Amino acid sequence: MKLRFAPSPTGFLHVGGARTAIFNLLHARRHGGTMLLRIEDTDVERSRQHHAEQILQSLQWLGVEWDEGPIYQSDRLHRYRERAEELVSNGKAYRCYCTVEELDAERTATEAKGDMYRYSGRCRRRAEDGHPQHDDAPHVIRCKVHPGPIEFHDLIRGDMQFAGELIDDFVLIRSDGNPTYHLSVVVDDVDMEITHVARGDDHLSNTPKHIVLFRAFDAREPVFAHLPLILGSDRKRLSKRTGATSAEEYRDLGIVPEALFNFLTLLGWNPGGDREMIPPDEAAEIFDLSDVNKAPAVFDPEKLLWMNGQYLMRMTADEIYPHLAPFLPGDTNLAELRSAIELNKARGRTLKEIAAQLEPYLVDDGAIHYDEEAAKKHLKGDDLAPRMSDLYDALEKTEPFDVTATEEALRALAESKGVSAAKLIHPLRLALTGRGASPGIFDVMVVLGKDRTLTRLRLLIDRLSRGSGTPGETPPT
RNA sequence: GGCGCAUUCGUCUAGGGGUCCAGGACGCCGCCCUCUCACGGCGGUAACACGGGUUCGAAUCCCGUAUGCGCUACCA
């Protein structure tokens with residue numbers, strides 16, 4: 001068994017393409033088959049080498065591996081021409097000298113009458129009447145399509161039937177000598193012995209053409225599986241209008257590849273048992289293309305975000321750090337951030353959000369700016385400054401400086417002063433993080449360490465006694 | 001226009017004649033946990049497109065209708 005993912009390098013890796021790649025990979029792994037990567041760059045107008053490289057990178061980032069390739073179709077142009085000539089010589093294809101202008105005029109005229117346009121077949125008749133086939137005059141090569149039903153079985157859609165009389169004699173070789181998609185895809189699938197073709201739904205109507213070609217080449221037809229499209233919230237093909245469309249954009253948003261892989265795996269397929277989280281290797285044990293849904297699915301970024309959060313909180317700091325580093329300012333290192341990441345990894349849904357949570361652990365003590373609203377709420381009362389001074393003294397004496405000891409010290413102080421622990425905790429949180437919300441305050445102190453904790457607390461006390469603790473409010477006397 | 005495909009909570013989905021006055025997940029709402037915010041726990045909100053059949057019985061099978069999407073290129 002051999003499957004392939006065959007993107008055309010006309011842009012970034014689209015999430016729809018990414019899912020197609022994932023489904024191909026999973027099916028191959030499930031059945032012990034091979035995965036081939038092929039770059040379909042026969043459209044010289046739109047294909048770009050840097051797009052091909054980008055797609056390869058995105059696939060690697062996502063964790064989609066391939067066993068063979070990448071193979072570039074642009075390296076095989078001679079092969080497509082060779083096979084097309086074969087079809088011309090055995091009468092299954094012919095040269096067509098009609099110009100684009102002539103065809104466009106015919107099409108416009110037919111459509112103006114409200115009829116369906118079909119190629120007139122003029123050059124086909126000429127060829128069949130024995131007119132000479134000059135290969136020096138500009139021409140394309142067209143494949144003959146005969147009337148009658150064309151049938152095939154689709155793993156997802158079931159039995160399909162198309163009427164041959166409705167399909168034009170399609171172009172195989174363009175007038176510039178380059179092959180069209182239809183030719184190159186079939187020649188390659190034959191040469192590379194592809195057994196299963198899983199691709200987007202948008203190719204379903206192209207499949208009868210490909211069947212015609214497989215038969216013309218007298219080759220065994222692969223099994224087809226047409227995957228339903230991924231839609232945007234507008235229920236149209238996912239586009240920029242409704243959000244990010246490329247794997248790369250999701251990476252830049254702070255999505256971890258494992259989460260995107262998992263999310264895409266579940267778009268149109270499910271592992272049963274109401275399971276949401278499933279790693280690739282487990283999916284590969286049970287995945288089958290024939291279990292894929294027929295209906296298109298809307299891409300829901302909210303759920304992706306949730307899933308990303310699930311992955312972040314389950315990953316270790318060491319696993320997160322490489323993905324996180326690009327979102328952190330300046331140069332940081334894992335060793336100094338490990339405990340801070342552990343403490344904050346469940347507190348954001350994206351790497352970006354985690355990075356923001358990490359800010360208090362990265363900046364200088366003097367750079368902690370108090371959130372205005374939180375300051376207004378927690379930095380008040382005449383006795384605050386002396387109370388925080390007492391806390392300072394208590395913490396200074398605390399040894400070891402761990403979660404248990406610091407908590408005991410703070411609560412003991414609160415009790416002796418007859419105030420709730422919260423009256424100490426909230427101002428302390430402001431002092432240490434500048435924020436109204438943070439992880440458990442004792443964890444924060446420990447991660448920050450005794451020195452930084454005391455320095456930041458001292459800064460708060462100084463500020464309170466200078467009377468500038470509460471912006472916009474009357475300073476305590 | 002023609003051809004093709006699809007249609008279960010807002011979204012992803014389970015369901016393949018009775019166990020479904022439809023289950024899970026995201027989102028949303030409420031409660032709990034609690035030093036705050038997350039996390040977590042508990043509960044709630046919300047769907048079988050419509051109309052005909054077939055059948056003792058249909059979300060499940062058949063036929064229409066509607067809607068949506070895709071294709072209809074010397075793009076893939």
Side-chain angles (χ1 to χ4, degrees), chain A residues 6-10 40-43 45-47 96 98-100 103-104 107 111 113-118 138-142 154 156-158 160-163 166-168 170-182 184-185 199-208 226 228-229 231 233 235-237 263 266-270 272-277 293-307 309-310 313 344-349 353 357 374 377-378 407 410-411 414 420-426 428-430 433 435-442 444:
Chain A
S8 55
T10 54
E40 311 220 318
D41 56 351
T42 55
D43 179 1
E45 296 288 310
R46 301 196 305 150
S47 296
C96 172
C98 299
T99 64
V100 178
L103 296 175
D104 281 350
R107 186 184 351 262
E111 283 171 358
K113 283 191 293 180
D115 294 336
M116 189 191 76
Y117 171 74
R118 286 207 58 212
H139 65 278
V140 301
I141 293 178
R142 283 182 187 269
D154 188 286
I156 297 171
R157 307 342 253 248
M160 303 295 312
Q161 191 187 81
F162 290 83
L166 261 26
I167 299 170
D168 253 339
F170 55 99
V171 174
L172 297 175
I173 298 285
R174 296 186 256 248
S175 50
D176 65 1
N178 287 321
T180 61
Y181 162 74
H182 303 302
S184 59
V185 77
R199 75 231 298 194
D201 200 26
D202 45 346
H203 287 301
L204 188 58
S205 328
N206 288 148
T207 305
H226 287 94
L229 258 23
L231 311 178
S233 52
R235 299 211 135 266
K236 287 190 175 44
R237 205 182 179 130
F263 180 76
L266 261 38
L267 227 44
W269 179 79
N270 79 86
D274 293 329
R275 201 163 167 199
E276 301 287 339
M277 308 290 287
N293 289 154
K294 299 184 211 309
V298 173
F299 190 99
D300 179 11
E302 276 298 323
K303 189 158 182 176
L304 205 212
L305 252 23
W306 167 79
M307 189 164 278
Q310 293 292 311
M313 78 173 111
N344 286 281
K345 67 185 186 184
R347 312 175 58 77
R349 300 194 300 175
E353 289 174 9
Q357 295 288 340
K377 188 170 175 190
H378 299 298
E407 177 156 14
L410 183 142
R411 290 194 188 280
S420 69
K423 293 281 183 213
L424 295 172
I425 288 173
H426 292 300
L428 178 59
R429 169 169 292 116
L430 234 355
T433 68
R435 302 175 183 197
S438 81
I441 198 63
F442 307 106
V444 172

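As the structure is a prediction and not an experimental result, all values here were calculated from the model. Below, chains carry the letters A, B, ... as their sequence lines are ordered, and counting in each starts from 1.
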B:C71 OP1/OP2 closer than 4.0 Å to side-chain N/O of A:R237: yes
What does A:H226 touch in the nucleic acid at a heavy-atom separation under 4.0 angstrom: a base, only the sugar-phosphate, or nothing? nothing
Does the B:A76 base have a donor-acceptor partner in the side chain of A:D202 within less than 3.5 Å? no
Among B:C35, B:C5, B:A14, which nucleotide has an atom closest to any side-chain atom of A:R157? B:C5
Looking at B:U36, B:A25, B:G10, which one has an atom nearest to any side-chain atom of A:D300? B:G10
Salt bridge or not for A:R157 and A:D201, using N-O below 4.0 Å? yes
Carboxylate-amine/guanidinium contact A:E407 A:R411, below 4.0 Å: yes
Is A:S175 touching bases, backbone alone, or none of the nucleic acid, heavy atoms closer than 4.0 Å? base
What contact category does A:T42 fall into here, base, sugar-phosphate, or nothing, at under 4.0 angstrom with non-hydrogen atoms? sugar-phosphate
Base of B:A25, side chain of A:K303 - is there a donor-acceptor contact under 3.5 Å? yes
For B:A14, does either OP1 or OP2 sit under 4.0 Å from a side-chain N or O belonging to A:N270? yes
What nucleic acid atoms does A:G268 come within less than 4.0 Å of, heavy atoms only: base, sugar-phosphate, or nothing? sugar-phosphate
